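What you are looking at is a predicted structure, and each value in this text was computed from that prediction instead of being measured. So you know, we letter chains A, B, ... as the sequences are listed, proteins then strands, and number each from 1.
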Amino acid sequence: MSGYKIHLLVCGGTGCKASLSTAVVENLNHEIKTQGLDDFAQVVTTGCFGFCEKGPIVKIIPDNTFYVQVKPEDAREIVEEHIVKGRKVERLLYHDPDKETIVSDSKHMNFYKKQVRIALRNCGVIDPENIDEYIARDGYKALGKVLSEKTPEEAIKLIKDSGLRGRGGGGFSTGMKWELAAKNISDEKYVVCNADEGDPGAFMDRSILEGDPHTVVEAMAICGYSIGSNYGLVYIRAEYPLAIERLKTAIKQARDYGLLGNNILGTGFKFDIELRYGAGAFVCGEETALIHSMEGSRGEPTMKPPFPSDSGYLGKPTTVNNVETFANIPVIINKGAAWFSSIGSEKAKGTKVFALAGKINNVGLIEVPMGITLREVIFEIGGGIKNGKKFKAVQTGGPSGGCLTEKHLDTPIDYDNLIAAGSMMGSGGMVVMDEDDCMVDVAKFFLDFTVEESCGKCAPCRIGNKRLHEILEKITKGNGTPEDITRLINLGTVIKDTSLCGLGQSSPNPVLATINNFMDEYTAHIEDKKCPAGVCKALMKYEIVDENCVGCTACARACPVGAITGERKEIHHIDTSLCIKCGACIDRCKFNAVIIK
Amino acid sequence: MGKIKTLADLRKMREKLKSETDLRDKSEHPEDMVQIKVAMATCCIASGSRETMNYIVDELEKRNVDAVVTQTGCMGYCYAEPTVEVTVPGKEPIVFGYVDEKKANEIIERYIKNGELVEGIIPMNYRSIEETK
Ligand SMILES: Cc1cc2nc3c(=O)[nH]c(=O)nc-3n(C[C@H](O)[C@H](O)[C@H](O)COP(=O)(O)O)c2cc1C
Ligand code: FES
């Protein structure tokens with residue numbers, strides 16, 4: 001079989017689909033037919049390439065040409081020029097903003113240079129809806145190997161030796177977790193995949209499920225064999241329709257091939273997987289709340305112990321692992337524990353997927369070795385701060401994490417270093433902030449989220465976070481007093497110490513971390529009644545600079561509340577007691593006479 | 001779709017399927033691989049470069065030679081078409097002219113596999129039209 005000589009990989013991730021990549025695929029197929037190249041070139045819809053900022057992405061194999069922002073009407077030129085004549089379509093190539101050069105292929109893009117792809121190995125490479133492509137790239141080989149060559153104990157030992165730690169937030173040793181569940185004797189045990197992914201801005205798990213669903217299916221079966229379970233459940237939020245659809249397809253294909261079901265690969269091992277849908281509450285990502293939600297009860301957490309490995313779903317021993325954790329398993333089995341532990345840092349092995357968001361040039365999904373520095377991630381892979389602004393901080397760990405600043409730029413990223421720096425790894429969201437972001441406002445934003453998402457079961461979280469939020473509100477309104485800082489710190493510490501679950505135990509982190517790193521901004525709000533970044537509206541004052549005002553009356557006519565007075569050709573004035581700070585006057589003034597103080 | 005009943009079945013299936021996605025892995029490390037570029041502009045296609053390319057790809061596979069075959073624009077030697085540039089890891093790229101099936105066969109067997117020099121080399125101090133642009 002000779003196969004196709006050219007592969008056109010088109011991104012079918014959620015980001016690129018939203019910008020019409022499905023139509024790009026249709027048109028490419030049509031053009032290829034028209035040119036009579038059906039046997040020569042093949043169009044493949046893949047998962048996310050991570051470079052969502054510039055989607056839809058089309059990558060041409062074998063020369064690695066990387067086309068960005070491809071529109072359906074570009075299909076003809078790509079086929080006629082590139083496929084037929086071998087000339088790259090220059091206008092669709094990626095322009096490196098740094099060097100102002102055109103980058104002809106993905107090998108030369110800074111975005112990909114430092115990445116190491118283990119969990120994302122198949123994303124952007126294979127068609128996630130075609131099990132054959134997964135099998136061709138060593139898919140289900142690890143399952144076969146474990147079932148036929150290893151005892152459950154050996155499999156667990158391998159995972160333990162690799163040093164893999166949970167990617168869902170806690171960072172607990174995966175091998176140890178499996179061992180705990182394996183030791184328990186029970187008529188039934190469960191393997192649960194946590195695909196709830198509640199952090200705002202995070203989409204690592206979604207992209208893995210969309211781009212490579214079989215890796216999760218295979219890993220869950222391996223986990224089942226290791227701990228002695230025949231039944232897997234994926235808890236996935238209902239607002240991930242594409243991930244759900246691809247996962248369903250994958251499960252069906254695996255069943256058809258006999259890779260799920262009874263007597264898998266003739267070894268007598270039996271395993272199957274079902275989906276459970278979540279309504280998208282953040283707290284349901286917490287493993288005990290998740291289990292209750294799957295049982296049909298309220299999605300509220302309960303005290304640990306008992307841990308799920310002792311008493312989980314329906315009271316049976318249950319292993320809960322994150323999507324990304326699972327995605328690492330088949331590779332570890334195929335390549336060995338020593339290989340995996342050679343990647344990463346001293347205490348954290350392997351890689352981590354991060355979702356880059358905020359004021360950064362290359363918004364998207366990246367996978368980097370543990371121990372990489374923030375500087376490399378933000379300035380090399382991320383391409384630096386948007387519009388040449390100054391870097392201020394990056395929030396890691398989502399609403400449960402904290403911010404890292406300039407002084408942390410060269411700290412190697414791993415679980416322990418991030419905690420020492422007052423933040424955490426979390427599931428891998430990274431929100432980058434620049435000089436225009438007010439840190440008090442950022443803390444308030446994340447607290448807004450936790451107040452909204454708190455399940456209300458325990459008092460410290462339900463009441464405490466609400467009070468924290470009120471104090472922040474007061475400070476941003478210009479009514480803060482110096483004692484408020486002490487109050488925030490004390491209350492925050494108590495909430496952390498006394499809350500029932502991880503949500504409350506971490507929710508004050510953004511507040512405490514910003515106080516720690518940006519005390520000067522809090523002081524400016526409280527003592528000078530000023531917001532240095534110009535974000536908190538209540539603290540802004542609009543004024544007219546006398547020397548610049550020519551008395552054209554444009555501002556007075558634009559003001560919706562009649563706060564500006566002044567005769568024609570005379571200097572105007574703003575009545576600050578009436579001003580609602582809408583900014584209409586600034587937009588209208590041609591003489592830079594209106595300023596914000 | 002039949003079931004995969006044993007590990008041996010799975011292995012067989014993988015071997016069969018591998019060739020279909022192999023290209024995507026190979027293209028990740030082009031520097032370790034023999035790279036063959038076939039000029040494929042209108043003029044080259046007219047003189048048979050597509051047939052040459054198909055032949056090369058099929059033969060490489062049959063003879064188990066790991067190589068990436070890509071196409072490029074016109075190299076500027078329209079008089080010598082079809083033209084093919086071959087880069088063996090660690091060596092300078094070499095351009096061959098008038099590559100028909102017989103020539104291609106010679107290039108694969110003698111130059112790529114055995115490292116012998118093959119006649120018909122366009123001197124290496126060339127610069128393609130694309131590069132000088
Ligand atoms: C409030 C809260 C939300 C959580 N959300 C998620 C989530 O969305 N996805 C996830 O995998 N783990 C989440 N976790 C962590 C889980 O409780 C659990 O530790 C994890 O699924 C274990 O898998 P791992 O060992 O593979 O990381 C959350 C924890 C807390 C306290
Ligand atoms: S969705 Fe296409 S690159 Fe992310």
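Ranked by heavy-atom pairs under 4.5 Å with chain B, the first of A:Ile60, A:Asp138, A:Leu259, A:Thr267 is A:Asp138.
Within residues 5-15 of chain B, the residues having any heavy atom closer than 4.5 Å to a heavy atom of chain A are B:Lys5, B:Thr6, B:Leu7, B:Leu10, B:Met13, B:Arg14, listed by residue number.
Salt-bridge annotation for A:Arg76 and A:Glu81: absent, with no side-chain N of the basic residue lying under 4.0 Å from a carboxylate O of the acidic one. A salt bridge does not link A:Arg121 with A:Glu367: every distance from a Lys NZ or Arg NE/NH1/NH2 to an Asp or Glu carboxylate oxygen is 4.0 Å or more. Checked for salt-bridge contact, A:Asp256 and A:Lys252 meet the test: a charged N lies under 4.0 Å from a carboxylate O. Here A:Glu133 pairs with B:Arg24 in a salt bridge; the nearest charged N to carboxylate O distance falls below 4.0 Å.
Interface residue A:Val44: only side-chain heavy atoms are found under 4.5 Å from chain B. In this structure, the portion of A:Leu9 lying under 4.5 Å from any heavy atom of chain B is its side chain and not its backbone. Only the side chain of A:Lys59 comes within contact range of chain B, with heavy atoms under 4.5 Å apart. With a threshold of 4.5 angstrom between heavy atoms, A:Asn263 does not approach chain B through any atom at all.
In this model, no donor atom of one side chain and acceptor atom of the other lie less than 3.5 Å apart for A:Gln253 and A:Tyr134.
Using modelled atom types, one side-chain atom of A:Ser21 and one backbone atom of A:Cys11 make a donor-acceptor pair closer than 3.5 Å.
Residues satisfying the salt bridge (charged side-chain N to carboxylate O under 4.0 Å, His left out) test with A:Asp272, not counting sequence neighbours, are A:Arg255.
The aromatic rings of A:Phe271 and A:Phe269 lie parallel to each other, their planes meeting at an angle below 30°, with 60° marking the opposite boundary.
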